[in-house]
Amino acid sequence: MAYDFETVYKRFNKGSHKWDELQAYGVHESENIIPFSVADLEFVTPPEIIAALKHELDTNILGYSNATDEYLECVCDWFRTRHNWDAKPEWILPTHGVVDAFFECVKTYTHEGDAVILTTPVYYPMYSAVKNNNRLLIESALLDMGDHYEIDFDDLERKASQGNAKLLILCSPHNPCARVWTRDELTRIGEICLRNNILVISDEIHCDLIMPGYTHTVFASISDEFANNCVVCTSPSKSFNIAGLQTSNIFIPNESLRGKFLASLKRNNPNPKCNILGYVACEAAYKHGAKWLDSALEIIDTNRNIICEFIRREIPEIKIYTLEGTFLLWLDFRGLGLDYHELERINHYDAKLFFDEGYMFGRAGEGFERWNLACPTRYIHDALSRLKAAYKK
């Protein structure tokens with residue numbers, strides 16, 4: 001089947017913040033401009049998912065629904081075939097989203113005054129999960145190697161051994177830095193956490209979005225010891241552009257940890273059911289969506305190559321970090337000598353470019369931009385022309 005990766009539905013006035021923001025800066029629907037910010041895809045939803053949703057609407061009522069045995073087996077089959085992880089259906093607790101899940105993990109497995117470790121710069125809701133729940137934030141800053149980041153294991157070991165850290169929220173693959181952590185790196189993280197009685201919350205929402213030459217390793221797949229000391233947060237939302245259906249699958253192999261999470265979930269939300277169409281879409285994605293996903297990854301990789309070649313040739317002051325995973329390219333604009341507020345102003349008003357600003361991900365992100373590459377390639381060419389014109393001026 002030939003898939004449509006050219007059509008873009010412009011989501012003005014439909015509740016999409018990333019699209020409605022454009023209007024605040026004078027962008028009109030008639031212009032050939034799209035946002036490159038919030039991490040959903042500007043690709044048409046896979047037809048296999050649309051067909052499944054239509055069938056459900058034609059043959060069922062939209063009543064209360066739980067995950068079926070078939071659904072749970074389907075999720076496990078995806079991770080078995082795609083990621084070589086023999087997960088069990090009984091490990092899965094569906095939730096409304098991965099962000100909801102790691103917020104819940106902070107409330108479940110820590111108390112006020114406990115500390116949570118983040119490897120920063122990192123996805124901004126992780127900071128909120130710590131601070132909004134009155135936990136102490138411990139930042140272990142990633143080492144900036146110029147074109148990629150690495151974990152500072154000496155720093156991580158030192159901070160893990162202080163005694164007050166109870167959780168490490170791991171972003172794997174890492175957002176915004178686009179690292180796909182190697183099995184060796186994950187093993188070192190896991191061993192540090194085991195030695196210091198720190199539970200690992202592994203956000204693996206981007207696990208399917210891996211660039212050629214890289215392999216994602218599910219944290220829990222490394223060893224039984226790691227599986228019993230972690231929560232793995234997954235969702236089809238990023239991979240198949242169905243975030244609005246708010247369905248995620250949280251794997252907790254340890255029965256005791258799973259029971260605590262479920263009890264906390266019910267305490268904070270007495271009816272924590274996902275929506276019926278979310279289950280349908282997830283099952284359709286995992287059963288029938290692999291070819292669509294592979295095609296989408298090819299477009300994302302093409303867009304990456306175009307940007308890298310153009311900037312290397314035309315604006316070499318901008319430094320690009322290797323995209324190993326996710327569809328989010330991390331760019332360092334500091335070589336242009338601009339304050340990060342001025343950088344944002346030029347991009348919005350002069351270049352009509354709308355990225356996610358690097359400072360959202362922590363102070364180490366000031367002067368950076370995160371570029372969402374999941375869109376038709378023609379928009380990448382247009383954006384690069386505006387970028388060049390703005391900075392030449």
Side-chain angles (χ1 to χ4, degrees), residues 3-8 18 31-43 121 142 144-150 173-180 206 208-216 238-239 292-338 340 343-344 346-348 350-358 361 365 367-393:
Y3 292 109
D4 179 6
F5 290 104
E6 293 299 319
T7 299
V8 166
K18 69 185 282 192
E31 297 182 76
N32 192 37
I33 292 173
I34 67 171
F36 300 106
S37 53
V38 177
D40 56 11
L41 290 69
E42 297 303 334
F43 293 144
L142 297 172
D144 186 345
M145 309 305 291
D147 63 352
H148 71 284
Y149 289 81
E150 295 181 1
H174 194 87
N175 174 15
C177 302
R179 273 299 316 276
V180 174
H206 288 100
D208 300 322
L209 297 153
I210 307 300
M211 293 297 105
Y214 298 92
T215 301
H216 176 75
K238 303 294 184 188
S239 308
W292 181 92
L293 177 59
D294 290 340
S295 298
L297 289 170
E298 290 179 8
I299 303 293
I300 292 164
D301 193 40
T302 294
N303 292 347
R304 175 192 63 83
N305 279 320
I306 290 169
I307 293 170
C308 289
E309 291 173 9
F310 183 96
I311 288 181
R312 191 177 299 115
R313 182 177 69 249
E314 301 291 346
I315 321 175
E317 296 87 351
I318 298 174
K319 187 165 60 176
I320 300 177
Y321 287 70
T322 303
L323 184 71
E324 299 179 1
T326 81
F327 49 90
L328 307 164
L329 192 63
W330 189 235
L331 302 97
D332 181 358
F333 281 68
R334 292 175 299 176
L336 295 169
L338 298 169
Y340 69 94
L343 172 66
E344 182 177 16
I346 292 172
N347 285 341
H348 284 177
D350 295 350
K352 297 286 182 74
L353 289 171
F354 300 87
F355 307 124
D356 267 335
E357 302 303 321
F361 304 94
F368 288 74
E369 302 284 359
R370 192 188 74 170
W371 189 335
N372 182 339
L373 305 186
C375 66
T377 300
R378 67 182 184 277
Y379 289 103
I380 299 295
H381 288 297
D382 290 343
L384 289 170
S385 295
R386 296 198 304 277
L387 186 71
K388 178 181 176 181
Y391 288 103
K392 287 289 185 182
K393 183 173 66 175

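All values derive from a computational prediction rather than experimental measurement. Only this structure's heavy atoms are used, side chains among them; waters, hydrogens and symmetry mates stay out.
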_Is the shortest side-chain heavy-atom distance between Glu324 and Met211 below 4.5 Å?_
no
_Set out, in order, the CA-CA distance, both residues' side-chain angles and the distance that settles side-chain contact (heavy atoms from CB on, under 4.5 Å) for Tyr379 and Val8, then state yes or no._
CA-CA 10 Å; Tyr379 289 103; Val8 166; 3.6 Å; yes
*Does Asn303 reach the side chain of Cys375, with side-chain heavy atoms less than 4.5 Å apart?*
yes
*Mind checking whether Glu314 and Leu384 have side chains closer than 4.5 Å, heavy atoms only?*
no
*I would like to know whether Asn175 and Arg370 meet side-chain contact (heavy atoms from CB on, under 4.5 Å); could you show each step before the answer?*
CA-CA 9 Å; Asn175 174 15; Arg370 192 188 74 170; 2.9 Å; yes
_pair Lys388-Phe310: side-chain heavy atoms closer than 4.5 Å_ = yes
_Set of residues satisfying ring pair (Phe, Tyr, Trp, His ring centres under 6.0 Å) with respect to Phe327, sequence neighbours excluded_ = His206
*Does any donor atom in the side chain of Asn32 or Arg378 lie under 3.5 Å from an acceptor atom in the other side chain?*
no
*Full working for side-chain contact (heavy atoms from CB on, under 4.5 Å) between Trp292 and Phe5*: CA-CA 10 Å; Trp292 181 92; Phe5 290 104; 3.7 Å; yes
_side-chain contact (heavy atoms from CB on, under 4.5 Å) for Leu353 and Glu369? Distances and angles first, verdict last._
CA-CA 11 Å; Leu353 289 171; Glu369 302 284 359; over 6 Å; no
_Between Tyr3 and Ile299, is there a side-chain heavy-atom distance shorter than 4.5 Å?_
no
*Is there a side-chain contact between Cys177 and Leu142, using heavy atoms and a 4.5 Å cut-off?*
yes
